[in-house]
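Written out below as structure tokens is the structure these notes cover.
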Amino acid sequence: MTVFSAPAWDGHELVVFGSDAATGLRAIIAVHNSSLGPGVGGCRMFPYANDADALHDVLRLSRGMTYKSALAGLPMGGGKSVIIGDPRRDKTSALMRAMGDFVHAQGGRYVAAEDSGTGVEDLRRMAARTPHVSGIDDNEHGGDPSPSTAYGVFLGIRAAAQHRLGVASTADLRVAVQGLGHVGYHLARHLREDGAVVYGADVNEANLARAVEALGVLPVAPAEILGLEVDVLAPCAMGAVLNDRTIDTLRAGIVAGAANNQLATAEDCARLQEHGILYCPDFLINAGGIIDVHYQRAGLPAAAKRAHIERISVTLTEVLRRTDGSSQSSNDVAEALAVEYLRDTARASLPASRGAQTAHAMNIS
Ligand code: NAD
């Protein structure tokens with residue numbers, strides 16, 4: 001297993017491995033870039049096949065958080081943590097408290113939030129040991145950031161449909177949602193309320209049944225959802241679903257979903273474009289959750305949060321417009337825009353005598 005030369009290393013500032021024999025905790029915390037603020041990102045629990053897979057995942061995810069927060073115009077850096085284990089079998093209160101100790105030992109350089117395999121209750125157990133946890137407050141924001149993520153993805157889908165199809169809503173569009181969990185369910189709800197025909201698949205039968213019964217989602221087998229002939233495919237389960245095996249089988253015109261790291265490799269975005277498929281960068285359209293986390297941490301009002309989430313569609317439209325006029329993929333254009341923002345923000349924070357010549361505000365969000 002390589003660390004400093006890992007493909008997703010990309011100049012990470014901090015990567016720490018932690019273990020606790022008493023609870024069986026094995027975890028990694030990564031902070032990619034803290035030039036805009038502490039590395040804030042979800043704590044994921046997953047039964048990784050080996051340590052290298054866990055490291056690869058945490059590095060890619062924390063790097064994505066840097067770009068996500070920058071594109072959303074948030075004063076936060078990119079960070080992430082993973083716990084190696086099966087959340088259904090290995091998770092205990094003591095293990096989550098031990099994870100809280102591990103987070104606390106980083107002195108605030110990393111702030112944990114909810115992610116796949118962890119929920120608000122787990123975060124509260126961590127919070128018993130550290131203040132560096134977010135997304136747990138029982139205030140007007142409701143704690144769980146997933147509905148905000150879903151709202152941002154929904155607005156992203158509408159913006160993409162406007163850009164590609166020239167339609168102002170998703171009414172009568174066919175949308176396939178892969179994964180009807182915390183985010184996918186609320187995304188399906190927005191789409192149904194907007195008049196879309198929604199197909200859904202989930203390996204968890206209870207989650208699928210809930211969406212079918214409450215929302216009128218049309219059930220599809222998990223093996224068939226990616227290849228469905230639809231206007232929009234919304235991956236809302238796990239990452240790397242867009243790869244050299246699946247892309248040839250897709251029959252959607254637009255891919256826009258919540259899952260992090262949907263592209264198995266950076267080249268897969270170009271591959272999608274070769275197939276005429278418009279790809280909405282995940283770290284741009286799924287930023288509603290991290291925006292929510294910021295408003296919760298700062299105690300800012302819900303109405304301002306909603307307006308902030310709504311700017312996702314403005315940024316996405318700008319990325320799609322720039323992509324149309326370039327040879328780059330939409331993912332590359334979005335990353336370049338985030339790097340531009342990081343650079344300009346760093347310049348703007350220089351002392352006035354040095355920054356004055358170079359600093360300029362970039363209105364991307
Ligand atoms: P979740 O665990 O609540 O939901 C995921 C759902 O996908 C589950 O119901 C699961 O059974 C299902 N699933 C897993 N594998 C599947 C498969 N092969 N086919 C069909 N369904 C499958 O997770 P979530 O919080 O809804 O997050 C979904 C994705 O969005 C994750 O990739 C997460 O990292 C990303 N994300 C979530 C948030 C958030 O606010 N929760 C924010 C940004 C990004």
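Counting starts at 1 for both ligands and their atoms, in listed order. Residue numbers run from 1 in the order of the sequence given. Because the structure is a prediction, the values reported are computed rather than measured.
- Looking only at protein heavy atoms, the nearest one to atom 36 (N) of ligand 1 is A258 O, 3.7 Å.
- A salt bridge links D194 and R158; the closest N-O separation between the charged side-chain nitrogens and carboxylate oxygens is under 4.0 Å.
- In terms of protein heavy-atom proximity, atom 18 (N) of ligand 1 is nearest to V203 CG1, 4.0 Å.
- K80 and D115 are joined by a salt bridge, as a carboxylate oxygen and a charged side-chain nitrogen come within less than 4.0 angstrom of each other.
- Ion pairing of E340 with R322 is present here, as a side-chain N (NZ or NE/NH1/NH2) and a carboxylate O approach within less than 4.0 Å.
- Taking the six-membered ring for Trp and the full ring otherwise, the centers of Y295 and H308 sit less than 6.0 Å from each other.
- Less than 4.0 angstrom separates some heavy atom of A259 from each of these atoms of ligand 1: 29 (C), 30 (O), 32 (O), 35 (C).
- Assignment of A201 to the shell around ligand 1 is supported, since a heavy atom sits closer than 4.0 Å.
- Atom 3 (O) of ligand 1 has H182 ND1, 2.6 Å as its closest protein atom, hydrogens excluded (heavy atom only).
- If you look at C236 next to ligand 1, the close heavy atoms, those under 4.0 Å, all belong to the backbone.
- Close approach of ligand 1 to N260 is summarised as follows: ligand atoms under 4.0 Å from at least one heavy atom of the residue are 32 (O), 33 (C), 34 (O), 35 (C), 36 (N), 44 (C).
- If you check which protein heavy atom lies closest to atom 40 (O) of ligand 1, you get T149 OG1, 2.7 Å.
- Between R26 and D20 no salt bridge is recorded (no basic side-chain N to carboxylate O distance below 4.0 Å).
- With a 4.0 Å cut-off on non-hydrogen atoms, V183 touches ligand 1 through its backbone as well as its side chain.
- Formation of a donor-acceptor pair under 3.5 Å by the Y110 side chain with backbone atoms of G41 is found in this model.
- Nearest-residue assignment for atom 34 (O) of ligand 1 (options R44, E205, Q178; heavy-atom criterion): R44.
- Of all the atoms in ligand 1, the ones that sit under 4.0 Å from a non-hydrogen atom of N204 are 11 (O).
- Using modelled atom types, no side-chain atom of R192 and backbone atom of V217 make a donor-acceptor pair closer than 3.5 Å.
- Every residue two or more places apart in sequence or in another chain was checked for a side-chain hydrogen bond (donor to acceptor under 3.5 Å, both in side chains) with E193, and none qualifies.
- For a threshold of 3.5 Å applied to N or O pairs, the pair formed by K68 and ligand 1 contains no separation below that value.
- Between E274 and R271 there is no salt bridge, since none of the side-chain N atoms of the basic residue sits less than 4.0 Å from a carboxylate O of the acidic one.
- Protein heavy atom at the shortest distance from atom 4 (O) of ligand 1 is G181 CA, 3.3 Å.
- The protein heavy atom nearest to atom 41 (N) of ligand 1 is S146 OG, 3.2 Å.
- At a heavy-atom distance under 4.0 Å, no atom of E114 approaches ligand 1.
- Taking 4.0 Å as the cut-off between side-chain N and carboxylate O, E335 and R63 count as a salt-bridged pair.
- Among all non-hydrogen protein atoms, the one lying nearest atom 29 (C) of ligand 1 is A237 O, 3.3 Å.
- For S116, every heavy-atom contact with ligand 1 shorter than 4.0 Å involves the side chain, none the backbone.
- Contacts of D202 with ligand 1, taken as heavy-atom pairs under 4.0 Å, involve both backbone and side chain.
- Counting only N and O atoms by type, the side chains of T130 and H104 include a donor and acceptor under 3.5 Å apart.
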